[in-house]
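Contents: one structure, followed by commentary.
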Amino acid sequence: MVSPSGPVKDTKPDSAQRDENSDTLKYQLLGPSLTKAGQDAVDQQKVSEIIYEASKGSKFFNHEQDRDRNLTVKIERILKEKAHLEKLDLSQDLRRADEYLAELELTRDLSQYVIHVDCDAFFAAVEELDRPELKTVPMAVGKGVLTTCNYLARKFGVRSGMASFVAKKLCPQLILLPMNYDKYTAKAKEIREIMAQYDPLFESASIDEAYLNITAYCAENELDPEETVQRMRAEILQTTKVSVSAGIAANAKIAKIASNKNKPNGQFRVPNDRAAIMEFMRELPVRKVNGVGRVFERELGSIGIETCGDIYPHRALLTRLFGEKAFQFLAQCYLGLGRTKIEPVETHERKSVGTETTFHEIGDRGEIRAKLDWVSRELEGDLARTQFKGRTLVLKVKLHTFEVLTRQTAVSRAISQAKDLYNIALPMLAKLEKEIPGMKLRLLGLRCTNLVSTKKAGINFFGAAAVQARPISAERLDLKAADHEITAEEAFEGAARQEIQDEMNDLEQLSQEAAILPDATVPTEPDPPPAQWDCPICGRAQTADDRVFNDHVDFCLSRQTIREAIQDSSETPEETTVHSNRKRKPTSQASSSDADPRQRRLFFH
DNA sequence: GCGGATCAC
DNA sequence: TATGGTGATCCGC
C-alpha cells in the first residue's frame, strides 16, 4: 500500500483540490455506473454527499481512500512525464502515430449493420411482470449490493452496484427484492428466440445484452436498419413484455454506445458514414466507450482528454504515457472503429473457471479452512458442469481491509476434484497466514486456469463441432506449435489417450466419493513451524522453499491418485456420477470482445 | 509465469 | 452494522 508522505501538493489536479482530494474520492464513491442511463435529472452533488456521509469511516471507505490517493500519485507521475516529453522532439512519435491512424483507416468497414440490444433494467423489469404494483414504486434487485433498479429508483440516485444500505439512505422507501436468476434466464431465452430470427448467429454479450448483424435481414426483407430494429423491438415487447433499447451502427463499439442514447425503450442510429461517425465520436466523453472506466477516465482527463475528439491532438504522447495497447485502443476510439464480426458466444474459448465467496470477517484458521473446503467443493461442481480441469490454481483472498491478494500454483497434472483443489490451495493459504500475522479475511476464492477440456474427444475431432475442441486438444496432444493442424492419426491417438485419461479420472472420482477431505475441517491447527510446513498429504515436514514444497505436494498428489486408482479398480461401476445440472449459479458469460482498452481488433476484408 | 490492477455486467 | 461474483486482459517485474 503506497502511503504518500503527507497530502499531495499538485500543480493542477483533476479539478479543484480541496481537503485531501475529497472531490475525486466522492466521484469514485459514486460507483462505476455513473455514466449509465437514467441519471440525468439527478442532483449528483447531493447524491455524492449522502454516499460520502454514509460511507465515511468504514473499512470500505478507507480502502477507497487509499486507492484514490494512489491514483492521484500515479496521475502526478503521468503529468510529470508529459511535461518531460513535451520538452523533447516528438516528431518520430507523431509520425508513428499518424502512420498507425492511416493504417487503421484502411480497415474501416462501412458495409455492415451491427446492432446492440440491451434490455431496460432487466431484472427489475422481469420482477415487475410478476408484480405489476412494483412499477409505481422505486425498486431494486439484489442483496447487499444492487444488481439492478427500476427507473423510479434511479431518480433518487440509486444505481446498480450500490450497497443496499446506501441506497436506502438515498431512498428510504426503496423496495428490495432478492435475485431470481432462473426467472431472468428463462425470460432471456424468450428474448433470444426472437433475436435469432433477425440474426441466427447473434452474440449474447451477457444475460441481458446481445449483438446482432442485421445486414442480411435488411437485404432480404428490403428494410432499413432502423425499420428492422423498430420491428424487432416491437416484437420483443409484444411477446415477452420486456422493453429493450438498441443502437445501430457500422460496428459493435458504436452500436454499444448508441444503445444507451435513447434508453429506455428507444433506439439510436449512427449512420454508416465516415463523417457522421467522426462527428459522433468527437464530442463523445471517453468514459462512454466500453473499456474506459473510472481510473482511465481520470488519467486521460488529467492530460486534457475528455472526449474522443481530444485524443487526436495528444496522439504523439499516448504510447509513452499509457503504453502501446492503450494508444491503439484510443486510436480506434478517435476514428470510431470497432469490430463488425458478430459470432455466437459458444465459439469463444474459455480461459478460467472460478468461485469466490464473501463472508463476515474471519480470523480463525479453522474457520478459514472450512471456507476453503466449501469453495473447493463449489469449484469442483463448476468444473464438472463446464467439463474442464485446470493445471494452475489461483487462490484469492480479500483481507478485512478490502485489500485483495492472489497466489497461484502451477500443477503438473490437471486437477478438478475438491480434495486436490483444497490440498493445493492450503499451502498457499498457510503461506499467506505466515506472511500476514493475524490475517482476517472477508473473501476467499479459487480459480482454475490453464484449462484442459474433459469433454469426450470422439466426434469433435472429425465432426463439424471440432472448432471448440481444437485449442485444448492441441495442448492435450502436447503439440508444441500452436498453429499445427491436427491430422487424423494424431487425433485418434489423442482420443485414445483421452479415453485412458478419462478412465483414470473416473476411477479417481469413484475412489474419493466417500472420502472426506483429509484434515479439511480441523478446527484449530497450531501454527506451522516458522521455517517449515507439513505436506498436507503425507504429513512429512518440508522446507519453506516454495518450489521444493510445491513440487513435493504435487508428487504426493499424483502418487496418491495412482494408489487409489489401483485400490479401487477392482470394483468399477458402470457410470461415473457427474454433477449434472445441479443448482445453477449466476454465471454471467464473459461479455465479449470490444471491451478492453488494451485489446486491439483489426478487421480486414 | 506471477501478482496487482482495471474493467464489464 | 453494512459495499458482490465471474471472467478477461494488460502491465511491470
Side-chain angles (χ1 to χ4, degrees), chain A residues 1-2 29 31-33 35-36 51 54-55 57-64 67 70-71 74 118-119 122-123 141-148 159-169 179 181 204-209 256 287 289-299 322-326 328-329 345 348-361 375 378-379 382 386 391-392 394-398 402-410 428 432 442-451 546-547 585-600:
Chain A
M1 219 173 291
V2 181
L29 287 166
S33 63
T35 61
K36 302 299 185 201
I51 298 176
S55 306
S58 69
K59 288 173 177 173
F60 173 79
F61 178 93
N62 293 335
H63 183 250
E64 290 297 303
R67 286 182 40 173
N70 290 346
L71 180 55
K74 187 178 171 195
D118 198 338
C119 301
F122 184 55
F123 294 177
V141 179
K143 277 206 164 75
V145 168
L146 311 184
T147 61
T148 323
R159 287 183 260 287
S160 65
M162 184 176 274
S164 36
F165 78 93
V166 174
K168 279 278 192 184
K169 280 239 162 55
M179 293 252 287
Y181 205 80
S204 300
S206 70
I207 188 168
D208 69 338
E209 282 180 39
K256 166 80 179 163
R287 184 67 165 84
V289 181
N290 220 338
V292 179
R294 286 176 290 177
V295 171
F296 202 22
E297 178 191 31
R298 263 191 70 188
E299 290 175 0
F322 301 113
E324 188 68 19
K325 293 282 193 212
Q328 291 172 347
F329 170 76
V345 68
H348 288 211
E349 181 194 351
R350 187 193 266 271
K351 299 211 166 57
S352 72
V353 180
T355 305
E356 62 189 61
T357 177
T358 294
F359 35 77
H360 68 276
E361 252 170 52
V375 170
E378 277 294 299
L379 183 52
D382 292 346
T386 53
R391 293 166 50 129
T392 298
V394 186
L395 173 76
K396 172 178 171 180
V397 300
K398 196 187 281 180
F402 284 84
E403 190 179 358
V404 175
L405 305 172
T406 64
R407 294 292 181 270
Q408 57 182 333
T409 301
M428 295 192 271
L432 280 172
R442 74 185 324 279
L443 173 148
L444 194 65
L446 285 179
R447 176 168 299 274
C448 276
T449 65
N450 250 312
L451 296 183
D546 286 4
R547 194 157 293 283
K585 244 196 295 186
T587 60
S588 51
Q589 307 122 315
S591 91
S592 52
S593 65
D594 60 346
D596 200 282
R598 284 133 267 185
Q599 183 178 4
R600 187 180 74 154

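Chain identifiers are assigned alphabetically (A, B, ...) following the order of the sequence lines, protein sequences preceding nucleic acid strands; residue numbering begins at 1 within each chain.
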Contact check, side chains of A:K398 and A:H63, non-hydrogen atoms, under 4.5 Å: no
With sequence neighbours excluded, residues passing side-chain contact (heavy atoms from CB on, under 4.5 Å) with A:K396: A:E356, A:V404, A:T406, A:L443
Distance test, side-chain N/O of A:K256 to OP1/OP2 of B:dC9, below 4.0 Å: yes
Distance below 4.0 Å between A:R407 side-chain N/O and B:dG4 OP1 or OP2: yes
Sugar-phosphate, base or nothing in reach of A:S164, heavy atoms under 4.0 Å: nothing
Interatomic distance where NE2 belongs to A:H63 and C1' belongs to B:dA5 [whole Å]: 10 Å
N/O (side chain, A:R350) to phosphate O (OP1/OP2, C:dG7) under 4.0 Å: yes
Polar pair under 3.5 Å, donor/acceptor by atom type, side chain A:T355, base C:dT6: no
C1' atoms of C:dG4 and B:dC7, separation to the nearest Å: 15 Å
N or O in side chain of A:T406 less than 4.0 angstrom from B:dG3 OP1/OP2: no
Side chain proximity check, A:L446 to A:E378, heavy atoms < 4.5 angstrom: no
B:dC9 OP1/OP2 closer than 4.0 Å to side-chain N/O of A:N290: yes
Side-chain N or O of A:K351 closer than 4.0 Å to phosphate OP1/OP2 of C:dT9: yes
Touch class at under 4.0 angstrom, heavy-atom based, for A:L443 against every strand present: sugar-phosphate
Touch class at under 4.0 angstrom, heavy-atom based, for A:S58 against every strand present: base
Contacts of type ring-ring contact (aromatic ring centres under 6.0 Å, His included), residue A:F123, not counting sequence neighbours: A:Y184
Residue mapping more 5' on DNA chain B - nearest nucleotide basis, A:D208 or A:R67: A:R67
Closest to side chain of A:A163, choosing from B:dC7, C:dT3, C:dG5: C:dT3
Touch class at under 4.0 angstrom, heavy-atom based, for A:R447 against every strand present: base
Heavy-atom closest contact (A:V295 atom, A:L71 atom, distance): CG1-CD1, 3.8 Å
Gap between atoms CG and P, on A:L29 and C:dA2 respectively (whole Å): 16 Å
Candidates C:dT3, C:dA8, C:dC11 - which lies nearest the side chain of A:F402: C:dT3
Earlier contact from the 5' end, DNA chain C, for A:G161 and A:V353: A:G161
Options C:dG5, C:dT3, C:dC11, nucleotide nearest the side-chain atoms of A:E356: C:dG5
